[in-house]
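Working notes for the structure below.
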Amino acid sequence: MDKLLNRTASESVVKYLSIFPAVAILGSRQCGKSTLVQMLSSQLHNFLYVDLQERISMQMLSEPELFFSNNRDKTICLDEVQLLPELFSFLRSEIDRDRKPGRFILLGSASEKLLQHTSETLAGRIGLIDLTPFTVSEVRPYDGYSIEKYWFRGGYPNSYLAADDEASCLWRENFIRTYIQRDIPQLEFNVAAPKMMRLLTMLAGEHGGMLNYAKLASAMDLSAPTIRHYIDILEHTYIARVLPPYYKNTKKRLVKTPRFYIRDSGLLHQILNISNYNHLLANSILGLSWEGLVIENVCSVANDAVASFYRSATGVEEMDLVLEYPDKLIGIECKASASPQVTEGFWKAIDTLQPTYTYIVAPITKGYKLRDNVEVIGLPELQKIL
């Protein structure tokens with residue numbers, strides 16, 4: 001398989017660079033941001049790549065005004081820009097001197113909310129693009145693809161493209177250790193590594209379940225606000241997704257507690273010590289692992305929709321994912337089965353929500369209709385539709 005897979009975000013990056021003076025590509029570490037930009041570098045004017053994790057790069061930017069004035073004829077890419085937040089005020093001044101599009105590309109491993117400088121200092125000057133690890137539609141065209149391989153290994157390039165499952169597991173193990181021991185401290189969060197690893201392990205066991213801050217706080221011997229803060233860190237560094245409940249008035253009492261997911265299925269399996277696909281099939285996390293995989297892939301393409309889950313307070317009615325568009329409502333149910341079966345509560349949820357269309361997503365290659373506007377479908381086919 002070609003190690004340089006085409007990324008669907010490429011077109012957006014090129015388009016944004018033709019519009020904005022600066023473009024920020026945000027996503028977790030090792031999701032492919034640097035590789036994506038390097039692949040596009042031949043299309044960029046006089047490209048200059050600066051990695052802020054390297055000592056020489058930090059020294060070059062010790063006098064940012066001099067550095068920028070000396071390189072105004074270049075497209076400058078600043079990688080891991082969250083490591084030098086004081087740079088943003090200089091970027092603003094430099095952009096205001098010359099607002100031509102495509103001057104800067106900023107790569108960051110923290111969300112926009114965490115990088116407040118991006119939204120506040122560069123407002124109106126910057127376009128923001130989120131980059132996830134590989135989606136199923138990105139890996140499917142290449143030799144070696146199978147839904148089982150993608151599901152077990154997850155979408156991080158070095159994990160998915162590893163020579164075998166053992167190498168994939170080893171990479172993920174080291175990624176998790178580095179994330180906790182180095183990446184979180186670099187963002188100036190004062191979190192003890194053993195505490196965060198223990199919490200992450202507990203949360204992996206609760207993957208797809210309701211977030212119970214009090215229960216987690218009691219088990220960790222921490223306060224509920226501290227647990228909430230730790231989960232915020234996981235969310236804003238793209239490791240976790242907190243999915244809110246559907247809240248529109250349906251004249252029914254609804255669950256108000258969000259659900260928690262480890263965003264990458266490969267990281268989930270590594271934290272739970274699941275070493276191959278057969279072990280995954282035997283694990284009780286199977287169904288919720290598939291649910292998280294589907295939700296992550298759907299949310300990666302449904303950028304203009306508000307995502308939530310639906311569950312009545314009694315638990316009788318439930319829908320794994322609800323996508324609210326300005327002009328339609330899409331319901332999605334996830335089933336880790338080649339012959340998916342739905343419950344009466346699924347049909348009751350449809351009666352209540354009245355979605356425009358509902359998909360039951362399963363690891364299958366050929367879909368079929370159950371009734372009008374309700375279809376069983378494979379994950380790659382759903383991504384194409386959305």
Side-chain angles (χ1 to χ4, degrees), residues 5-8 132-142 144-155 160 207-208 241 243 246 259 261 263-266 268 277 280-281 285-311 317-386:
L5 275 64
N6 291 324
R7 303 302 304 267
T8 54
T132 68
F134 289 146
T135 64
V136 68
S137 61
E138 288 174 327
V139 298
R140 191 187 187 199
Y142 294 88
Y145 163 79
S146 70
I147 190 63
E148 294 82 10
K149 174 184 171 182
Y150 174 68
W151 180 6
F152 169 66
R153 295 188 181 185
Y160 179 78
H207 175 86
R241 180 179 294 278
L243 188 67
Y246 185 80
R259 280 182 170 160
Y261 295 89
R263 290 185 60 163
D264 182 74
S265 61
L268 170 68
Y277 182 70
L280 173 60
L281 292 176
I285 202 70
L286 178 73
L288 289 170
S289 170
W290 175 254
E291 183 178 309
L293 182 77
V294 172
I295 288 171
E296 202 54 39
N297 272 267
V298 167
C299 290
S300 71
V301 296
N303 297 318
D304 52 345
V306 177
S308 62
F309 72 93
Y310 172 76
R311 192 173 192 266
E317 300 179 18
E318 192 164 6
M319 187 74 69
D320 291 333
L321 185 62
V322 178
L323 298 177
E324 296 177 78
Y325 293 89
D327 58 344
K328 62 184 177 181
L329 191 74
I330 302 294
I332 294 174
E333 186 73 4
C334 310
K335 294 294 180 183
S337 170
S339 303
Q341 304 294 317
V342 293
T343 64
E344 183 181 352
F346 167 78
W347 298 113
K348 286 183 176 179
I350 288 179
D351 290 340
T352 299
L353 293 172
Q354 294 292 306
T356 311
Y357 214 96
T358 303
Y359 299 98
I360 302 163
V361 190
I364 59 174
T365 56
K366 188 174 182 180
Y368 53 92
K369 282 197 172 186
L370 284 183
R371 62 167 67 168
D372 286 346
N373 299 331
V374 180
E375 183 178 352
V376 179
I377 193 171
L379 180 55
E381 289 69 32
L382 177 64
Q383 263 212 327
K384 285 182 182 179
I385 293 171
L386 296 174

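We use all heavy atoms of the structure for the numbers below, so side chains are in, but hydrogens, waters and symmetry mates are not. Here the structure is a predicted model, which means the values were calculated and not measured. The chain is numbered in sequence order, starting from 1.
Scanning all heavy atoms of the two residues, the minimum distance from Gly292 to Tyr261 falls at CA-CD2, 3.8 Å. Considering all non-hydrogen atoms of both residues, Ala307 and Cys299 come closest at CB-SG, 3.9 Å. Ala302 and Leu323 get closest at one heavy-atom pair: CB-CD1, 4.1 Å. Considering every non-hydrogen atom in both Ala362 and Pro340, the closest pair reads CB-CG, 4.0 Å.
Within the cation-pi definition used here (under 6.0 Å to the ring centroid, within 45° of the axis), Lys149 qualifies as a partner of Tyr160.
Side-chain contact between Lys328 and Tyr357 is absent, with no heavy atoms from C-beta onward closer than 4.5 Å. Trp151 has its side chain within reach of Leu293: a pair of non-hydrogen atoms, C-beta onward, lies under 4.5 Å apart. Taking 4.5 Å as the limit, every side-chain heavy atom of Phe309 sits out of range of all side-chain heavy atoms of Glu318. Two residues are said to be in side-chain contact when any heavy atoms from C-beta on lie closer than 4.5 Å; Tyr150 and Asn297 meet this criterion. Two residues are said to be in side-chain contact when any heavy atoms from C-beta on lie closer than 4.5 Å; Leu243 and Ile295 meet this criterion. Side-chain contact between Trp347 and Val374 is present, with heavy atoms from C-beta onward closer than 4.5 Å. Between Val322 and Leu329 the shortest side-chain heavy-atom distance falls below 4.5 Å.
Not a single donor-acceptor pair under 3.5 Å links the side chain of His207 to the backbone N or O of Leu268. When atom types are taken as modelled, the side chain of Glu333 and the backbone of Ile360 share no donor-acceptor pair closer than 3.5 angstrom. Using modelled atom types, no side-chain atom of Gln383 and backbone atom of Val298 make a donor-acceptor pair closer than 3.5 Å. Remark: the backbone N or O of Ile332 is not paired with any side-chain donor or acceptor of Thr358 at under 3.5 angstrom. Counting only distance, with no hydrogens or angles, the side chain of Trp290 and the backbone of Val361 share a donor-acceptor pair below 3.5 Å. Using a distance-only test at 3.5 Å, with no hydrogens or angles considered, a donor-acceptor pair links the side chain of Thr352 to the main chain of Lys348. With hydrogens and angles disregarded, no donor-acceptor distance shorter than 3.5 Å links the side chain of Asp304 to the backbone of Tyr325.
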(message) Please evaluate residues Tyr310 and Glu317 with respect to the criterion side-chain hydrogen bond (donor to acceptor under 3.5 Å, both in side chains), reporting the C-alpha separation (whole Å), side-chain torsions for both, the decisive distance (0.1 Å), and the verdict.
(response) CA-CA 8 Å; Tyr310 172 76; Glu317 300 179 18; 2.7 Å; yes
(message) Could you go through Phe346 and Asp320, starting from their C-alpha distance and side-chain angles, then the distance that decides it, and tell me whether this counts as side chain to side chain contact (heavy atoms under 4.5 Å, CB included)?
(response) CA-CA 9 Å; Phe346 167 78; Asp320 291 333; over 6 Å; no
(request) Take Ile330 and Leu321, measure what side chain to side chain contact (heavy atoms under 4.5 Å, CB included) needs, and give me the verdict at the end. (result) CA-CA 8 Å; Ile330 302 294; Leu321 185 62; over 6 Å; no
(message) For Val136 and Tyr145: C-alpha separation, side-chain torsions, deciding distance, then whether side chain to side chain contact (heavy atoms under 4.5 Å, CB included) applies.
(response) CA-CA 9 Å; Val136 68; Tyr145 163 79; 3.5 Å; yes
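Salt bridge annotation for Lys369-Glu375: absent, with no cationic side-chain nitrogen under 4.0 angstrom from a carboxylate oxygen. Here Arg241 does not pair with Glu291 in a salt bridge; the nearest charged N to carboxylate O distance is not below 4.0 Å. Using a cut-off of 4.0 Å between Lys/Arg side-chain N and Asp/Glu carboxylate O, Glu381 and Arg140 are scored as salt-bridged.
Atoms OG and CG, on Ser265 and Leu288 in that order, are 13.0 Å from each other to the nearest 0.5 Å. Taking OH of Tyr277 as the start and OG of Ser146 as the end, the distance is 8.5 Å to the nearest 0.5 Å. Distance check, rounded to the nearest 0.5 Å: CD1 of Ile147 to CZ of Phe152 gives 14.0 Å. In this structure, the separation between CD on Glu138 and OG1 on Thr8 is 4.0 Å, given to the nearest 0.5 Å. Taken to the nearest 0.5 Å, the CD1 atom of Ile364 stands 8.0 Å off from the CD1 atom of Ile377. Remark: Leu379 CG to Thr365 OG1 distance equals 13.0 Å, nearest 0.5 Å.
Counted within 6.0 Å of CD on Glu344, heavy atoms from surrounding residues, nucleotides or ligands total 12 or fewer; the atom is thus considered open.
For the 3.5 Å distance criterion, the side chains of Thr135 and Ser137 qualify, holding a donor opposite an acceptor.
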